[in-house]
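Here the structure comes first, spelled out in structure tokens, and everything after it is commentary.
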Amino acid sequence: MKKHSARVAPLSACNSPVLTLTKVEGEERPRDGPGPAEAPAGAEAGRANRSGCRCSGPQLRKLSWGLAVVLCVCASWAGSTQLAKLTFQTFDAPFTLTWFATTWNCLFFPLYYAGHVCKAADRQSVKQRYRECCRFFGDNGLTLKVFFTKAAPFGVLWTLTNYLYLHAIKKINTTDVSVLFCCNKAFVFLLSWIVLRDRFMGVRIVAAILAIAGIVMMTYADGFHSHSVIGIALVVGSASMSALYKVLFKLLLGSAKFGEAALFLSILGVFNVLFITCIPVILYFTKVEYWSSFNDIPWGNLCGFSVLLLTFNIVLNFGIAVTYPTLMSLGIVLSVPVNAVVDHYTSEIVFNGVRVIAIIIIGLGFLLLLLPEEWDVWLVKLLTRLKVRKKEETAEGGGDLGSGPRNKSRRARPSFAR
């Protein structure tokens, strides 16, 4: 079994309503293969194999953590989406909200270092830890050139992804926004296949086709009205920026350890403060995003939204240390029905047949993209194992039936010997 190093790709803010969904690439520990093992021949080997199917203690612990992570991802993503929708009722400034939430990324590295101090056996100072994490950018560390060539582009993509997503929430309901954003995984596959020359998988091509079909059906569900078409275009643009972020990160930077990922996300927060702050100021004075008084700003909603997004990104980036990445991705899918229930009671959304079919098609495509590359090999092994087990049970049952009457006749035969 191949061992994965403790490296992850830092999640951009897109899996949350405002954050880029970047898929985690590795685990802290070697991943236990979920595929079934080869079934040994023979009745005794079959019984041993059946007893070996039970989950071990570490696996059960990992699954239990996975359930908690799924609930946390689902709650934080759905909660931040709904809170953004609520915020826009009194504070119509999606770019300012994007800037404010992204600023909280500066907390990633301090939070990581606090965890390092609490858990690590050989504790390092902040300076030592920072220098070690800076090796991710090369031998010279984080220089001014590296900052503008390897960090700034991702800061721009992060901001664009978040802004387009939030702006879409203003146009269409949160159910459509959350389900359409799931298409970003299909875009990642297509870009990785073209740019990174990743392995071709027929099932993922099918998933990409389902995602595109779902987008068209979702547009048709509202009758191609300009308002809904603009909103759908904004979400698709956000998903595309998210996919571009992930593919470029893998192409230019590869993968990162937990500390390196935390430092990179904090650098994005610093970039946001230094170079993006001027844009909300310009929008305010040009009255594109204007509020009469700072006392009218719903600071509670803004801070709550930022905390939920920060929680979402922390769990999505570092949850890999305690559970499987596939389980974390399920939390994103589960947030769609949560948003649908909330929209049903708080808005005038109409769940007609076309919209329901589009949601199901996109969700199915998302789940197909979660299949591992060796899923067909595991499926063949599973079918082979089931076939061997069935033959063993049939042989054991036939043996019992065949020996039963002979034993009975042998016991019932009278003995004439005296």
Side-chain angles (χ1 to χ4, degrees), residues 14-17 21 23 70 73-75 77-82 84-85 161 164-191 193 201-243 326-372 375 379:
C14 285
N15 253 339
S16 73
L21 171 66
K23 203 113 155 77
V70 165
V73 169
C74 178
W77 190 13
S80 56
T81 304
Q82 294 297 330
K85 188 80 172 180
T161 302
L164 292 174
Y165 191 98
L166 286 178
H167 199 68
I169 292 177
K170 288 178 52 183
K171 300 290 185 181
I172 56 179
N173 60 76
T174 57
T175 302
D176 293 352
V177 172
S178 59
V179 72
L180 285 169
F181 193 79
C182 291
C183 295
N184 86 309
K185 290 185 69 67
F187 299 157
V188 169
F189 163 70
L190 294 175
L191 282 175
W193 181 38
M201 291 183 63
V203 68
R204 293 185 178 176
I205 287 292
V206 173
I209 294 173
L210 290 176
I212 296 171
I215 293 172
V216 175
M217 293 185 68
M218 191 68 74
T219 308
Y220 177 75
D222 288 329
F224 292 97
H225 297 304
S226 60
H227 202 68
S228 61
V229 170
I230 293 174
I232 291 171
L234 289 171
V235 183
V236 173
S238 176
S240 302
M241 292 297 103
S242 169
T326 302
L327 289 179
M328 295 191 299
S329 298
L330 289 177
I332 299 164
V333 181
L334 292 177
S335 66
V336 175
V338 172
N339 284 322
V341 171
V342 175
D343 283 347
H344 177 71
Y345 290 102
T346 60
S347 65
E348 299 178 356
I349 184 175
V350 178
F351 288 99
N352 52 32
V354 177
R355 174 174 271 112
V356 172
I357 293 174
I359 292 174
I360 293 173
I361 286 177
I362 294 175
L364 179 60
F366 186 91
L367 294 176
L368 288 177
L369 288 166
L370 295 181
L371 291 175
W375 70 275
L379 181 61

Does [X] reach the side chain of [Y], with side-chain heavy atoms less than 4.5 Å apart?
X    : Y    : value
Y165 : T81  : yes
N184 : S240 : no
C183 : V236 : no

Solution key, residues 351-370 side-chain donor-acceptor pairs under 3.5 Å, sequence neighbours excluded:
{"from": "N352", "atom 1": "OD1", "to": "R355", "atom 2": "N", "distance (Å)": "2.9"}
{"from": "N352", "atom 1": "ND2", "to": "A221", "atom 2": "O", "distance (Å)": "3.3"}
{"from": "R355", "atom 1": "NE", "to": "D176", "atom 2": "OD1", "distance (Å)": "3.1"}
{"from": "R355", "atom 1": "NE", "to": "D176", "atom 2": "OD2", "distance (Å)": "3.4"}
{"from": "R355", "atom 1": "NH1", "to": "V350", "atom 2": "O", "distance (Å)": "2.7"}
{"from": "R355", "atom 1": "NH2", "to": "D176", "atom 2": "OD2", "distance (Å)": "3.0"}
{"from": "R355", "atom 1": "NH2", "to": "D222", "atom 2": "OD1", "distance (Å)": "2.9"}
{"from": "R355", "atom 1": "NH2", "to": "D222", "atom 2": "OD2", "distance (Å)": "3.0"}

Side-chain donor/acceptor of S238 to backbone N/O of T161, under 3.5 Å: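 Checking the backbone N and O of T161 against the side chain of S238, a donor-acceptor pair under 3.5 Å is found.
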Examine distances only and state if a side-chain atom of K85 and a backbone atom of I169 form a donor-acceptor pair shorter than 3.5 Å.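 At least one qualifying donor-acceptor pair exists.
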Once side chain to side chain contact (heavy atoms under 4.5 Å, CB included) is applied, do any residues pair with V342, and if so which ones, sequence neighbours excluded?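 Partners of V342 by the side chain to side chain contact (heavy atoms under 4.5 Å, CB included) criterion, ordered by chain and then number, come out as Q82, T346.
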Set of side chain to side chain contact (heavy atoms under 4.5 Å, CB included) partners for K171, sequence neighbours left out: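 Residues passing side chain to side chain contact (heavy atoms under 4.5 Å, CB included) with K171: H167, H227, I230, L234.
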Partner of I349 under side-chain contact (heavy atoms from CB on, under 4.5 Å), chosen from N173, I172, N339: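 The single option meeting the side-chain contact (heavy atoms from CB on, under 4.5 Å) with I349 is N173.
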Within this structure, what is the OG-CG distance for the pair S242 and L164, rounded to the nearest 0.5 Å?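 S242 OG to L164 CG: 11.0 Å, rounded to 0.5 Å.
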Using 0.5 Å steps for rounding, measure from the CZ atom of F187 to the SG atom of C182.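 If I round to the nearest 0.5 Å, the distance is 11.5 Å.
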Of the non-hydrogen atoms in A168 and V177, which two are nearest, and what is the gap between them?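 Looks like O-CG2, 3.9 Å.
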For a quick test of reading the model, state the closest non-hydrogen atom pair linking S335 to W77 and the distance between them.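 Nearest pair, atom of S335 first, then W77: OG-CE3, 3.2 Å.
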Identify, with sequence neighbours excluded, every residue that meets side chain to side chain donor-acceptor pair (under 3.5 Å) alongside T175.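 Testing T175 for side chain to side chain donor-acceptor pair (under 3.5 Å), a comparison that skips the adjacent residues, returns D343.
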